[in-house]
> 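Supplied in structure tokens, the structure appears directly below.
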Amino acid sequence: MNAHRSTAPDSPARTALVIGGGVAGPVAALALRKAGIEARVFEAYAPGTGSAGGPLSLAANGLNALRVVGADTAVAGEGLPTPRMAIHSGTGKTLGVIETDPDLPGHVTLPRGRLAELLQAEAASAGVQVVTGKRFVDAVDTGRSVIATFDDHTTAEADLLIGCDGIRSAVRGVIAPSGPQPRYTGLIGFGGWVEGPAVPDTHGTFHMIFGRRAFFGYLADGERTAWFANLPERRLDRDALRANSFDEWMQRLRAAFADDAGPALDLLDHVRPEGFIPASPLEDLPHVPSWSKGRIALVGDAAHATSPSSGQGASLAAESAVELARCLRDLPVEAAFTAYERGRRVRVERIIAEAARTNQSKAAGPLAARVRDAVMPFFMSRFATPERTAWQHAHTIDWDAEVRAPMRRPELGGTRAARKR
Ligand SMILES: Cc1cc2nc3c(=O)[nH]c(=O)nc-3n(C[C@H](O)[C@H](O)[C@H](O)COP(=O)(O)OP(=O)(O)OC[C@H]3O[C@@H](n4cnc5c(N)ncnc54)[C@H](O)[C@@H]3O)c2cc1C
């Protein structure tokens with residue numbers, strides 16, 4: 001165990017243990033460091049042991065959050081520029097095109113695992129200790145510090161513990177053992193990257209196709225193609241998903257897209273097992289009642305996982321990580337955690353709810369699909385404009401603005417008593 005000088009409950013934190021080295025973890029560590037709090041990151045997997053991951057698009061608001069900690073350039077430099085999204089029906093009709101605001105940082109797409117690698121490297125080069133191959137299992141909050149235990153029976157201690165360990169967070173299990181579990185969306189997801197000119201260059205357009213039986217997305221720069229597919233699967237059987245072979249999935253995907261316009265079938269011909277991310281259930285976490293307890297707090301998917309349909313999960317994780325650090329910079333621990341949660345909850349839960357509505361469109365039956373294809377062009381032209389989506393994409397964090405202590409919410413009993421008087 002590292003020597004740790006414990007702090008009084010109401011004094012500002014000086015040290016933190018950050019669990020998870022995905023998106024939220026490295027960004028939180030960088031932001032905490034900027035706030036004057038020394039953070040160490042503990043990631044369960046050793047470098048190179050996870051898969052590279054399917055495509056992940058990072059939006060302008062995510063890049064803005066990364067800019068606060070100086071990590072935007074490295075990420076933007078590796079991603080495929082993705083300035084627009086085009087939505088099509090399975091018949092080949094274009095239902096709408098969403099251009100990103102040219103005044104905002106351009107969206108980029110890169111493998112999910114690569115994003116984590118880049119952010120870990122940024123944290124390490126800024127002087128953050130990133131310990132890999134160490135799985136968090138438990139924590140004890142002493143009231144003046146937190147002591148974490150790992151699966152190799154070692155421990156670490158700091159003023160705070162920040163759980164950035166994803167949608168199945170073990171840290172969340174410690175602070176809320178009977179708390180909410182991830183919710184299955186009714187869709188399973190696949191994806192990957194194909195090397196070589198499998199489909200023509202899409203010149204920065206991420207094409208999304210509401211097919212007759214399933215949803216397909218692809219983006220190509222002539223040298224590599226990012227793709228994903230969402231298949232409706234009403235009853236989730238995780239064992240059956242795991243048991244299916246690559247060939248079986250390819251057969252099922254070909255059947256799902258057999259009657260759709262677009263290059264899905266051509267692209268599937270080029271997919272190889274090593275570049276294929278097999279089926280996983282798409283899930284979200286719409287409402288975690290409390291994001292902190294004592295000296296432990298949750299950030300990113302551990303607190304507010306949106307399903308991939310929002311294209312916002314990583315961006316929100318980065319935003320929350322920076323905001324938590326800003327609160328801890330200016331306030332003692334308890335007040336900081338309260339200010340952080342109050343500042344973030346409405347925004348993230350609104351995005352999670354919007355993504356859930358998109359999931360319903362992806363799993364629409366034939367009649368609902370016809371209605372969707374008929375009304376979507378109208379809605380896209382009215383609501384998918386840069387002005388209408390600015391609340392998501394143009395969101396920025398004012399790092400220098402001071403965070404004020406949150407007002408206490410009036411107790412219900414107290415209010416009634418006051419009314420009686
Ligand atoms: C198929 C798919 C597509 C997606 N597409 C997009 C997209 O286009 N755009 C977008 O913004 N978001 C997308 N997302 C969501 C995005 O990946 C997440 O919202 C984001 O990664 C959340 O970051 P995080 O750091 O909170 O969690 P994660 O990225 O999940 O990181 C958690 C980390 O904690 C580690 N960990 C877990 N348990 C422990 C433990 N006990 N001890 C130590 N370490 C632990 C994990 O190994 C992992 O590295 C997608 C998600 C999926 C599944």
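All ligand and atom numbering here is 1-based and tracks the order in the structure. All heavy atoms count here, side chains included; hydrogens, waters and symmetry mates do not.
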> Considering heavy atoms of the protein only, find what lies nearest to atom 38 (N) of ligand 1 and give residue, atom and distance to 0.1 Å.
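Answer for atom 38 (N) of ligand 1: Asp165 CB, 3.7 Å.
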> Enumerate donor-acceptor pairs with a distance under 3.5 Å from any side-chain N or O in residues 66-79 to protein atoms, sequence neighbours excluded.
residue	atom	partner	partner atom	Å
Arg67	NE	Asp72	OD2	3.3
Glu78	OE1	Arg114	NE	2.9
Glu78	OE2	Arg114	NE	3.4
Glu78	OE2	Arg114	NH2	2.6

> Examine distances only and state if a side-chain atom of Glu323 and a backbone atom of Tyr340 form a donor-acceptor pair shorter than 3.5 Å.
no
> Where does Lys134 meet ligand 1, judged by heavy-atom distances below 4.0 Å: at the side chain, the backbone, both, or neither?
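Just the backbone.
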> Please say whether Phe136 places an N or O atom under 3.5 Å from an N or O atom belonging to ligand 1.
yes
> Distance from Leu219 atom CG to Met208 atom CE, nearest 0.5 Å?
8.5 Å
> What do we get for Ala24 next to ligand 1 when only non-hydrogen atoms under 4.0 Å count, side chain, backbone, both or neither?
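Looking at Ala24 and ligand 1, atoms from backbone and side chain both fall under 4.0 Å.
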> Please tell me whether Thr185 and Ser307 have a donor and an acceptor in their side chains that are separated by less than 3.5 angstrom.
no
> Can you check whether Leu56 has an N/O within less than 3.5 Å of an N/O in ligand 1?
no
> Give a yes-or-no answer on whether the side chains of His304 and Glu349 include a donor-acceptor pair shorter than 3.5 Å.
no
> In terms of residue, atom name and distance, what is the protein heavy atom nearest to atom 52 (C) of ligand 1?
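I find the closest protein heavy atom is Pro308 CG, 3.5 Å.
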> How far is atom 17 (O) of ligand 1 from its nearest protein heavy atom, and which residue and atom is that?
Arg112 NE, 3.1 Å
> Which residue and non-hydrogen atom of the protein lie closest to atom 8 (O) of ligand 1, and at what distance in Å?
Ser57 N, 2.8 Å
> Just need the protein heavy atom nearest to atom 26 (O) of ligand 1, so name the residue and atom and give the distance.
Asp301 N, 2.8 Å
> For atom 11 (O) of ligand 1, which of Ala116, Ala314, Ala318, Ser280 has the closest heavy atom?
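The option holding the nearest heavy atom is Ala314.
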> Check whether any N or O atom of Tyr45, backbone or side chain, sits under 3.5 Å from an N or O atom of ligand 1, and answer yes or no.
no
> Is there a nitrogen or oxygen of Leu58 sitting under 3.5 Å from a nitrogen or oxygen of ligand 1?
no
> May I ask you to identify the nearest protein heavy atom to atom 21 (O) of ligand 1, giving residue, atom name and distance to one decimal place in Å?
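Looking at atom 21 (O) of ligand 1, the protein heavy atom closest to it is Val23 CG2, 3.7 Å.
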> Without hydrogens or angle criteria, can the side chains of Thr154 and Asp152 be said to hold a donor-acceptor pair below 3.5 Å?
yes
> Counting heavy atoms only, which of Ala44, Ser307, Gly22 comes nearest to atom 28 (P) of ligand 1?
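Residue with the shortest heavy-atom distance to the ligand atom: Gly22.
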> How does Ile19 reach ligand 1, if at all, at less than 4.0 Å between non-hydrogen atoms: by side chain, backbone, both, or neither?
side chain
> Can you pull out the closest protein heavy atom to atom 49 (O) of ligand 1? Residue, atom name and distance to 0.1 Å, please.
Glu43 OE1, 2.6 Å
> If I apply the N/O under 3.5 Å rule, does Gly300 come out as touching ligand 1?
no
> Strictly by modelled atom types, are His88 and Thr94 linked by a side-chain donor-acceptor pair under 3.5 Å?
yes
> With Ser361, which residues qualify under side-chain contact (heavy atoms from CB on, under 4.5 Å), at least two apart?
Phe210, Arg372
> Working to the nearest 0.5 angstrom, can you tell me the gap between Glu233 CD and Ile188 CD1?
4.5 Å
> Quick one: does ligand 1 sit under 4.0 Å from the side chain of Phe228, the backbone, both or neither, non-hydrogen atoms only?
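No part of Phe228 comes within reach of ligand 1.
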